[in-house]
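Below, read A as the first sequence line, B as the second, and so on, with proteins coming before strands; counting in each chain starts at 1.
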Amino acid sequence: MRASRMNLWTLREDPAEAEIASHRLLTRAGYLHKSGAGLYLYGPLLHRVIGKIQAIVSQEIDRTGALQVTMPILQEQAVWERSGRWATYQASRTMLTVKDRNDQVFGLAPTAEEVVTDYAGAVVKSYKQLPVTFYQQHTKFRDEIRPRFGLMRVKEFIMMDAYSFHATAESLDQTYEAMRVAYHRLFARMGLQAFAVEADSGAIGGSGSHEFMVAAAIGEDTILYHPESGYGANRERARGGIPAAPAWATAPAACTKVLTPKVGAIDEVMGFLTANGFAGVQAAHGLKCVLFVAGGQDDKGKPLTATVAAFTRGDREVNEVKLTNAVTRLMFPVLNLRPMHPDEVRAATGAEPGFAGPGAGLKVEVCLIEEQLKGVGPLVAGANETDHHLVGFVIERDAGVAYQWADLTSAAAGDACPLSGKPLMERRGIEVGHIFKLGTKYSASMQCVFTGADGKLHPFIMGCYGIGSSRVAAAAVEQHHDADGLRWPMSIAPYQVVVVPAGKPDDAAVNGAAEQIHKDLLAAGIEAILDDRDAKPGVKFKDWDLVGIPLRIVCGRGIANGLVEFKPRGGTVAEIPVAEAAPRAIAAVREALAALDAAADAVR
RNA sequence: CGGAUCGUAGCUCAGCUUGGCUAGAGCGCCGCGUUUGGGACGCGGAAGUCGCAGGUUCAAAUCCUGUCGAUCCGACCA
C-alpha cells in the first residue's frame, strides 16, 4: 500500500472533546470520525483493525465448534414479547425502537436471545442435535443514556454474540468452560491482558456469569480481587468480608431510646452520641437504612410496586444491584428501584427522614438486613420517631418488623477475600466480554423445546456469550500507547510494516531500495506500507509513530554504505544491510505473531 | 433525566465583560519557489449565515428569551 493513496489524515492537536487516550489517539491518527453522539465512522485503518479482531474472535469461537450465522438487526416486538423482555427493555429504555410504514413496532437488536432461541426451536428438534452453539458478529444498538469516551461507550457497536443450547446442565458447563478458554485465548492472541471476574447477570438474566475485563485506569468498572487467591469480582457482585467494628465499651446492655435532636446523618448521630455519654461509638456501630420503592409488572403488564427498607452497617454502602436481586427473589422481577421521596419516608417510618430503623413502627413490604450483621451488635438504629435513635440495638432481639438477611453491601478494598480471607484490592477495568449461564429462562418462556432421550419435550438449557469487538479496539489502545501515539500489537495492527524513504524526493538510490523492500515484503504476504509521500522525513516519522505501525524500515543517508534502519515501534534503531531488511522484517512479523499464538496456547 | 460547561474557518482557540469600521490567530488546505533525518520557510490564495429562531437597539458574534446540539459528573451496558 502506498501512503500517498491511503487518505492518511492526522491531526497535530488533540480534539477538544476527547478525554481518554483511545478516543484522542484514534481521532488524531485518523482512525475514527464522529458522525453523531455515540455514532462513529470507522476509517480505513480502524476498519482493518476491527476486521482483524473479528477474524481472531471467529477463529477462536469456531474452535469451540460453534456455528456462525447472521441474524436480523431489526427484530419484531412480538418475538421480544414471547420472552417477556419487551417490557423490561422498554422500562429501562435501552432498546431503540422504530416503526415501519404500517406502524408496526420493531426493536433494533441490543442482543439476540429471542431471535436465536426462536431459531433453535425451529431447527433443533432432538437431543441428538445438542449441544449446538450459534454466533454472529454484527452491529448492535443500545439507546445509551450517555454515550462517552469515543468508541468505548456508543449507541451502535459491533459485538460477537454466541448462544449455546444444551440438553443438560453438565453440557452447558462444558461449553461455558470452552468459551471461557476461548475468550482467554483470543484476548491473548490480540496481545491484551484480560482477566475474568464474577459478575452480576443483569438484564440478560441467568445464574452463573463472568465478565472479561481489560485492566485500564479509565475503566468504568471497579474490580475487587486478590492476586494470590485468584478471586476477582466486580463491585456489583463481590462478596467481601466486612472487617469487624472496633470495640464499643459504653454500649448499653439494653436497647435504649435516646433523644438525638436534629441529627439524622450517621456521622452527625455518632458525633452527638460520642459527646453525650457514649464515647467510642462510631459509624461502624450504626445501622444505616436506605428506603426504596421497587417497581415491576405482573404477567399481564400491570404495574407492581413494593416499599423496601435496606439496612447495612453505618460506614458502608447499600449496593442497588444486590438489593434489586434480593427483592426480585422475594417479590417480583424488579424493573426499577428508586429512593423514596420524603413524604413516602414519613409514611413508612412515621418520622422525618433520617430516623428509620428496623424497630417497631417501620411499615414497609420488604425489610432486608445485611447478612454479615448477623450476631453483630449492639448497634445504633433509627427509632422511627423524629429526633430519636435506639442505642444498644441488637437486631435479633430488638427488631420490630419481619425481616430477611441478604447480601446487600458493596464490597470495598480491605474487605476479606472470600477465598483466602486476606484483604481484597481494587482496580479499574473495561468490560470487553461477558459469559452467562442462562438456563431455561428464554426457551421456557418462548416454549422452544426439543425431544429428549426420554421421548418428552424439554426446553433448551442455554448459555450466552458476548464480546464487544469494537470496544476491544479501544481497550487495546488504552493498553498499548505512549506519548507519541498508538502501539498496536502485531496481530491487530492495521499494517505490520512501513517502509520510509527518507532522502531527497529524487534520490534514486533511496527510493529504489525502499521500493524493492516494499515489494519483497508484499511478496511474502506482509502487510506493508511504502511512504511515497512528498514530505519531510520528520513528518513521516511523526505520522507512523502516531498511527502505531509495529515495524519501521527507513532508507536514508545510510544507503550510500548499503545500510537501512530497522526499528520496532517504541524500540531502538538497528542499522542493517539493505538486503537483510525485508527478510528481517518478515521474520520479526512472524515471530511476533507466533509469540502471541504461544501465549494463547499457554491458556489453561 | 438531574447537575456543570460549551457552541466563532477542516482542527485548536481568541474576540463577548463595556454592542460600533472589512470577524481574527496558529495549525491544516490550494498555487509558486526554496528546503529534505523527528510535525521547515517565503510569497500568494481559498475558506466563517459567529449552532438555530425570535427580541432589544440607529447598530448584535457581543445584551435578553427560547430552542437545538455537544462535552463532562451520576444511574444503564459489550
Taking pairing as Watson-Crick or G-U wobble with both contacts under 3.5 Å, can you name the mate of [N], or confirm there isn't one?
N     : result
B:G69 : B:C6
B:A46 : none
B:U34 : B:A40
B:G28 : none
B:U56 : none

Roughly how many Å apart are [M] and [N], using the [atom1] atom of each and rounding to a whole number?
N     : M     : atom1 : answer
B:G15 : B:A60 : C1'   : 14 Å
B:A46 : B:G31 : C1'   : 10 Å
B:G3  : B:G66 : P     : 14 Å
B:A61 : B:A23 : P     : 10 Å
B:C50 : B:C16 : C1'   : 11 Å
B:U57 : B:U65 : C1'   : 16 Å
B:C21 : B:G38 : C1'   : 46 Å
B:A78 : B:C64 : C1'   : 46 Å

query = Where each residue is assigned the nucleotide of RNA chain B containing its nearest heavy atom, which of A:Pro537 and A:Lys34 is assigned the position nearer the 5′ end?
reply = A:Pro537
query = Between A:Met152 and A:Pro15, which has a closest nucleotide on RNA chain B that is more 5'?
reply = A:Pro15
I'd like to know if the side chain of [X] pairs up with that of [Y] as donor and acceptor (distance under 3.5 Å, no hydrogens or angles considered).
X        : Y        : answer
A:Glu370 : A:Thr409 : yes
A:Ser58  : A:Gln137 : yes
A:Tyr183 : A:His210 : no
A:Ser22  : A:Glu478 : yes

Find out whether [X] and [Y] are in side-chain contact, i.e. whether some heavy atom of one side chain is under 4.5 Å from a heavy atom of the other.
X        : Y        : result
A:Thr175 : A:Tyr465 : yes
A:Phe187 : A:Val57  : no
A:Ile266 : A:Lys288 : yes

Check every atom of [options] against the side chain of [X] and return the nucleotide holding the closest atom.
X        : options             : value
A:Arg142 : B:U36, B:A78, B:A70 : B:A78
A:Glu431 : B:G38, B:C76, B:A78 : B:A78
A:Ala16  : B:U12, B:G38, B:C77 : B:U12
A:Val539 : B:C76, B:C27, B:A40 : B:A40
A:Val554 : B:C73, B:G37, B:G28 : B:G37
A:Pro505 : B:C11, B:G38, B:U36 : B:U36
A:Ala37  : B:G74, B:C77, B:U71 : B:U71
A:Asp221 : B:C77, B:G39, B:A78 : B:C77

query = Considering residues, nucleotides and ligands other than A:Gln193, do more than 12 of their heavy atoms fall under 6.0 Å from its CD?
reply = no
inquiry  = Would you say CG of A:Asp267 has more than 12 non-hydrogen atoms from neighbouring residues, nucleotides or ligands within 6.0 angstrom?
reply    = no
Is the phosphate of [N] approached by [X] (side-chain N or O, under 4.0 Å from OP1 or OP2)?
X        : N     : answer
A:Lys155 : B:C77 : no
A:Arg148 : B:C73 : yes
A:Lys536 : B:U36 : no

[X] has an atom [atom1]; how far is it from atom [atom2] of [N], in whole Å?
X        : N     : atom1 : atom2 : result
A:Asn511 : B:U36 : CG    : C1'   : 12 Å
A:Met179 : B:A78 : CE    : P     : 16 Å
A:Arg533 : B:U36 : CZ    : C1'   : 14 Å
A:Leu8   : B:C29 : CG    : P     : 12 Å
A:Arg12  : B:G28 : CZ    : P     : 5 Å
A:Tyr40  : B:U71 : OH    : P     : 6 Å
A:His33  : B:A70 : NE2   : P     : 14 Å
A:Asp534 : B:A40 : CG    : P     : 13 Å

Counting any heavy atom closer than 4.0 Å, what does [X] reach on the DNA or RNA strands: base, sugar-phosphate only, or nothing?
X        : answer
A:Glu565 : base
A:Asp543 : base
A:Glu211 : nothing
A:Arg28  : base
A:Trp9   : sugar-phosphate
A:Leu546 : base
A:Thr10  : base
A:Glu17  : sugar-phosphate
A:Ala502 : base
A:Asp545 : base
A:Phe149 : sugar-phosphate
A:Gly556 : base
A:Pro110 : nothing
A:Val57  : nothing

Side-chain donor/acceptor contact of A:Arg153 with base of B:C76 under 3.5 Å = yes
Distance-only donor-acceptor test, A:Arg552 side-chain atoms vs B:G38 base atoms, 3.5 Å = yes
inquiry  = Does the structure place the NZ or CZ of A:Lys34 under 6.0 Å from the centre of the six-membered ring of A:Tyr40, at an angle of no more than 45° from the ring's axis?
reply    = no
